[in-house]
Amino acid sequence: MKWSKILISTLRESPADAEIDSHKLLVRAGLVRKVGAGLYAYLPLGMRTLRKIQQIVREEMDNAGAQEIVTPILQPSELWKTSHRWETMGANMFKLTDRAEHEFALGPTAEEVFTDIAKGLVDSYRQLPLTIYQMQWKFRDETRPRFGLMRSKEFLMKDAYSFDRDAEGADKSYWNMYKAYEKVFSRCGLKAVPVQADGGDMGDSLTHEFHVLADAGEDGIAWCEGCGYAANLERAERKALVAESSQASDALLEEVATPNARTIEEVASFLGLESNAFVKSLVYAVDGKPVMVCIPGDRDVNEVKLKRFLGAKNLALATPSEVEEATGAKAGFVGPVKPANETMRIVADISLKGATGRIVGANKDDYHLNGVNLARDTKIADYTDLTIVKSGDICPVCGKPMVIKRGIEVGQVFKLGTKYTEAFKAVYKTAELNEKTMIMGCYGIGVSRTLQAVIEQNHDKDGIIWPSSIAPYKVIVELLDPSQEEVAKVANYLETALEEAGIDTIVDDREERPGVKFKDADLIGFPVRVVVGAKGLTAGGVEIKRRDEEKSATRIVSPNKALEVIKSLL
Ligand code: ATP
Ligand code: MG
């Protein structure tokens with residue numbers, strides 16, 4: 001294919017809204033064009049890569065025994081009402097109404113639609129296990145669409161759903177998809193690691209997210225170099241040790257004036273103590289009731305864990321007036337010892353079990369209590385894991401210190417159990433003609449996010465470095481002297497030979513300076529570059545170099561040997 005025949009437009013400048021390298025390069029290389037906030041058009045080069053990724057996903061889904069279907073983007077509200085997610089999905093779901101006042105959603109995902117299909121079509125145990133999937137555009141009204149294709153309002157997702165006879169079968173389906181995901185990402189040239197993830201309102205349900213480790217990632221991941229334990233910070237656990245207190249364990253309770261010192265740091269410096277001598281107390285409004293949460297002073301509450309532990313539907317920090325009502329003091333001076341609301345539930349982090357000699361807010365403005373023994377002085381109801389894991393925390397599996405990494409979630413596999421099949425009464429008949437509820441799993445890949453994640457993981461200061469499996473074209477032939485017939489002939493010969501060998505090739509036939517052409521080739525990131533010019537041909541041949549090699553690695557090869565060399569480089 002000739003460059004001059006394709007709609008390619010590279011940009012020198014990065015778009016103003018691009019914060020991360022992959023977003024800048026995506027737009028500068030002319031792969032996509034912004035249509036609106038979180039909305040993108042895929043241009044010919046971007047489209048080619050997107051289709052290659054889709055093809056890999058398709059092949060691996062088919063290899064895993066999944067069957068492709070496609071379901072409507074426009075989903076009737078009745079389906080969402082059956083699962084009660086019409087109410088719980090919240091503002092993230094685009095809702096609309098037709099002329100007859102029927103309500104619809106633009107599908108943000110499709111558990112409901114697929115469960116309804118399985119319910120309608122599966123009758124007998126003989127039809128199970130069944131995994132069906134689609135590749136369809138999804139819509140989410142993200143609070144903050146950003147990072148280009150990473151968090152957009154409209155994105156391409158592959159979503160698969162498995163239906164099984166029993167838990168054992170569901171387990172098999174889950175690991176089958178897990179393995180298929182490993183293959184998909186590795187074929188896309190992506191290092192994606194599976195990490196344990198939070199099951200959301202599905203509680204302890206087994207689920208893994210596949211993450212591309214990158215500083216630009218929005219998720220934190222606790223990572224153990226020792227044993228390979230990896231978990232999203234929303235879920236990550238640590239081996240909790242009770243931090244040594246800097247005070248004697250039999251200290252007596254003592255009220256100390258701490259005027260105007262509200263934050264742990266302020267009180268610490270006021271009293272000349274370390275922040276881990278403090279117990280930080282926060283009041284949450286949990287489904288309309290106040291709950292106090294106590295954690296070590298140098299830590300943060302993991303609200304995902306808290307919400308799960310309390311089995312809460314709605315959870316948010318209490319307002320200043322709610323705090324005062326519950327404790328009798330302003331935030332900053334509250335604590336677990338005798339709050340105004342004596343029946344308020346108090347929960348504490350597991351690492352505080354048995355803690356003594358601590359400092360807490362006195363539930364009285366401008367005062368703290370020193371020498372607190374939590375078991376002796378408070379009515380803490382539960383001690384459980386409630387904090388966010390930090391770098392240096394102890395791995396719950398092997399006991400080595402963990403580090404925190406950033407990750408981009410490109411896919412997720414999820415054991416759903418019977419949440420949807422029960423709501424839809426999706427049952428099948430066993431061999432004994434008994435009715436049983438199907439057991440379900442769901443499996444998503446962000447196809448468009450994956451495209452950009454590959455760029456985030458494979459680029460340098462000059463541009464993208466595509467893995468050859470998904471590059472828009474595998475080879476670029478730089479035709480330096482397009483007007484010279486002999487030179488153009490060599491370029492055409494290479495183009496034909498490469499195409500016939502199944503290697504998609506683009507010939508840069510533009511009348512441009514070599515410097516401009518090389519810059520564009522590096523920016524777009526074709527895996528192999530072949531330079532065909534009059535000077536080179538007289539000197540012995542064409543110049544071949546891989547995108548990820550230094551200029552000094554360039555090989556001079558006679559045109560009839562070029563195909564073999566290129567093949568070996570790819
Ligand atoms: P996130 O936590 O990033 O919002 P999610 O966990 O809500 O994602 P899932 O419901 O698991 O997303 O969707 C499956 C996949 O779809 C994700 O793993 C991700 O790769 C992709 N995805 C989700 N939201 C978006 C989005 N707004 N833009 C692009 N891709 C997305
Ligand atoms: Mg997810």
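Both ligands and their constituent atoms are indexed starting at 1 by order of listing. Because only heavy atoms are used, hydrogens play no part in the values below, and waters and symmetry mates are left out as well, while side chains stay in.
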Tell me whether Asp159 reaches ligand 1 (any heavy atom closer than 4.0 angstrom to a ligand atom).
no
Out of Tyr443, Phe155, Phe139, whose heavy atom sits nearest atom 16 (O) of ligand 1?
Phe155
Would the Phe210 and Tyr181 ring centres measure less than 6.0 Å apart?
yes
Carboxylate-amine/guanidinium contact Lys400 Glu225, below 4.0 Å:
no
For ligand 1, which atoms, with element, lie under 4.0 Å from some heavy atom of Ser152?
26 (C), 27 (N), 28 (N), 29 (C)
Subset of ligand 1 atoms that lie under 4.0 Å from at least one heavy atom of Gly411:
18 (O)
Electrostatic pair Glu103:Lys95 at N-O distance under 4.0 angstrom:
no
Could you see which bit of Arg449 sits under 4.0 Å from ligand 1, with heavy atoms only: side chain, backbone, both or neither?
side chain
Under 4.0 Å from a heavy atom of Glu142: which atoms of ligand 1 are those, numbered in the order shown and with their elements?
24 (N), 26 (C), 27 (N)
Any idea which atoms of ligand 1 are less than 4.0 Å away from a heavy-atom of Leu149?
28 (N), 29 (C)
Which residue supplies the protein heavy atom nearest to atom 14 (C) of ligand 1, what is that atom called, and how far is it?
Met157 CE, 3.8 Å
What's the shortest distance from atom 1 (P) of ligand 1 to any protein heavy atom, and which residue and atom give it?
Arg151 NH2, 3.4 Å
Mind telling me whether His208 and Tyr178 have parallel, tilted or perpendicular rings, with 30° and 60° as the class edges?
perpendicular
Modelled atom types, side-chain donor and acceptor of Gln196 and Asn232, under 3.5 Å
no
Closest approach of Lys474 to Leu570 (non-hydrogen atoms, all atoms of both residues)
CD-CD1, 3.9 Å
Check each atom of ligand 1 against the heavy atoms of Gly446 and keep those under 4.0 Å away; list them by number with element.
15 (C), 16 (O), 20 (O), 21 (C)
Which class fits the ring pair Phe139 and Phe94: parallel under 30°, tilted 30 to 60°, perpendicular over 60°?
perpendicular
Enumerated ligand 1 atoms positioned under 4.0 Å from heavy atoms of Arg140:
5 (P), 7 (O), 9 (P), 10 (O), 12 (O), 13 (O), 23 (C), 24 (N)
Could Asp17 and Lys34 be called an ion pair, given the rule that one side-chain N must be under 4.0 Å from one carboxylate O?
yes
Taking atom 2 (O) of ligand 1 as the reference point, the nearest protein heavy atom with its distance:
Glu409 OE1, 3.6 Å
Looking only at the side chains, is there a donor atom on one of Thr384 and Asp382 sitting less than 3.5 Å from an acceptor on the other?
no
Under 4.0 Å to a heavy atom of Met150 - the qualifying atoms of ligand 1, by number:
26 (C), 28 (N), 29 (C), 30 (N)
Taking atom types as modelled and ignoring hydrogens, do the side chains of Gln134 and Asp159 form a donor-acceptor contact shorter than 3.5 angstrom?
yes
Taking the Mg ion (ligand 2) as the vertex, measure the angle between atom OE1 in Gln412 and atom OE2 in Glu409; round to 10°.
110°
Using distance alone, decide if ligand 1 has a nitrogen or oxygen within less than 3.5 Å of any nitrogen or oxygen in Gln412.
yes
By number and element, which atoms of ligand 1 are closer than 4.0 Å to a non-hydrogen atom of Val410?
18 (O), 20 (O)
